[in-house]
Amino acid sequence: MNDLDEFDQKLLLALTQDANLSAGALGRQLGLSQPATWRRIKRLQDSGVIAGRRLDLDREKLGFGVTVFLGIKLATKGRVSLDDFERAVSAIPEVQTVEHVLGMYDYRLRVTARDIADFERVLRRRVMTLPGVGDVEANVLLSEERRPGPLG
């Protein structure tokens with residue numbers, strides 16, 4: 001869907017900043033009526049532009065103070081299917097995202113843990129025992145800045 005007008009773009013930008021805004025509040029921000037805003041949101045959902053709304057949790061307040069990005073290179077391509085690896089890694093609750101990438105590594109994982117000792121436990125007991133895991137590189141997240149994306 002490439003026929004996004006100025007209102008659609010502003011609406012999407014506002015929703016990326018606060019997905020809880022009502023159609024009435026969004027309409028007031030954009031100078032549209034509540035029904036017109038609701039119809040636009042519905043059209044964007046039906047077309048797949050808006051794929052869902054997510055809850056943004058404060059990991060630190062929940063006791064997860066460490067985020068680590070892992071680069072995983074599979075050692076046994078062909079012997080272990082990508083589906084087997086993805087199924088196994090997706091079952092680890094500390095793994096927040098699994099990205100199949102092109103480059104030095106085959107996968108990039110975002111792992112959250114309570115502290116470094118907890119991360120080491122996850123790495124040794126869960127990640128390193130996954131089918132086909134070869135080289136692993138870890139990068140600890142120091143800080144993060146949220147960007148609104150391609151509309152901002």
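A salt bridge does not link Arg39 with Asp46: every distance from a Lys NZ or Arg NE/NH1/NH2 to an Asp or Glu carboxylate oxygen is 4.0 Å or more. Ion pairing of Glu94 with Arg121 is present here, as a side-chain N (NZ or NE/NH1/NH2) and a carboxylate O approach within less than 4.0 Å.
Listed here is the closest heavy atom pair of Ala138 and Leu70: CB-CD2, 3.6 Å. In plain terms, the two heavy atoms of Tyr105 and Lys73 that are nearest each other are CD2-N, 3.6 Å. In terms of heavy-atom proximity, Pro131 sits nearest to Ala88 at CD-CB, 3.9 Å. In terms of heavy atoms, Ala113 sits closest to Phe119 at CB-N, 3.5 Å. The minimum heavy-atom distance between Ala19 and Arg53, with the atom names listed, is O-NH1, 2.7 Å. Residue Gly27 comes nearest to Thr37 through the heavy atom pair CA-OG1, 3.2 Å, listed as atom of the first residue, atom of the second, then distance.
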- request: Evaluate side-chain contact (heavy atoms from CB on, under 4.5 Å) for Leu26 paired with Leu11, printing each intermediate quantity in order.
  value: CA-CA 7 Å; Leu26 288 163; Leu11 176 64; 3.7 Å; yes
I would like to know whether Val122 and Val68 meet side-chain contact (heavy atoms from CB on, under 4.5 Å); could you show each step before the answer? CA-CA 11 Å; Val122 171; Val68 181; over 6 Å; no
(request) Let me see the working for Leu13 and Gln9 under side-chain contact (heavy atoms from CB on, under 4.5 Å), right down to the final yes or no. (result) CA-CA 6 Å; Leu13 182 58; Gln9 291 179 10; over 6 Å; no
* Asked: Would Thr67 and Glu144 count as a side-chain contact (heavy atoms from CB on, under 4.5 Å) if you check the C-alpha gap in whole Å, the side-chain angles of each, and the deciding distance to 0.1 Å?
  -> CA-CA 10 Å; Thr67 298; Glu144 182 173 36; over 6 Å; no
Report the C-alpha separation of Lys10 and Asp5 in whole Å, then their side-chain angles, then the decisive distance to 0.1 Å, and conclude whether the salt bridge (charged side-chain N to carboxylate O under 4.0 Å, His left out) test is met. CA-CA 9 Å; Lys10 287 180 180 178; Asp5 64 17; over 6 Å; no
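The main-chain N or O of Leu74 is found under 3.5 Å from a side-chain atom of Asp106 such that the two form a donor-acceptor pair. In terms of modelled atom types and a separation under 3.5 Å, the side chain of Asp8 and the main chain of Leu4 share no donor-acceptor contact.
Here the CG atom belonging to Leu15 is positioned 5.5 Å from the CD1 atom belonging to Ile41, to the nearest 0.5 angstrom. To the nearest 0.5 Å, atoms OG (Ser47) and NZ (Lys42) are separated by 10.5 Å.
Cluster annotation: Val98 and Val136 are assigned to the same hydrophobic cluster (Ile/Leu/Val/Met/Phe/Trp/Tyr, side-chain heavy-atom contacts under 4.5 Å, transitive). Residues Ile116 and Leu123 share a single hydrophobic cluster, defined by chaining ILVMFWY side chains whose heavy atoms lie under 4.5 Å apart. Under a hydrophobic-cluster definition in which Ile, Leu, Val, Met, Phe, Trp and Tyr are linked whenever side-chain heavy atoms come within less than 4.5 Å, directly or via other members, Val66 and Leu142 are assigned to different clusters. No path of Ile, Leu, Val, Met, Phe, Trp and Tyr side chains, each step under 4.5 Å between heavy atoms, connects Val127 with Met104, placing them in separate hydrophobic clusters. Using a 4.5 Å cut-off between side-chain heavy atoms of Ile, Leu, Val, Met, Phe, Trp and Tyr, with links allowed through other members, Leu82 and Ile72 fall into the same hydrophobic cluster.
Looking only at side-chain heavy atoms (C-beta outward), Arg126 and Pro93 come within less than 4.5 Å of each other. The closest side-chain heavy-atom distance from Ile92 to Leu130 is below 4.5 Å. In this structure, Gln96 and Arg59 have side chains that are in contact, with non-hydrogen atoms separated by less than 4.5 Å. Side chains of Glu137 and Arg108 form no contact here, defined as non-hydrogen atoms less than 4.5 Å apart.
By the 30° and 60° cut-offs, the orientation of the rings of Tyr107 relative to Phe85 is tilted.
The cationic atom of Arg110 (NZ for Lys, CZ for Arg) does not lie both less than 6.0 Å from the six-membered ring centre of Phe69 and within 45° of the ring axis.
Enclosure of atom CD in Glu60 is not indicated, since only 12 or fewer non-hydrogen atoms of other residues, nucleotides or ligands lie within 6.0 angstrom.
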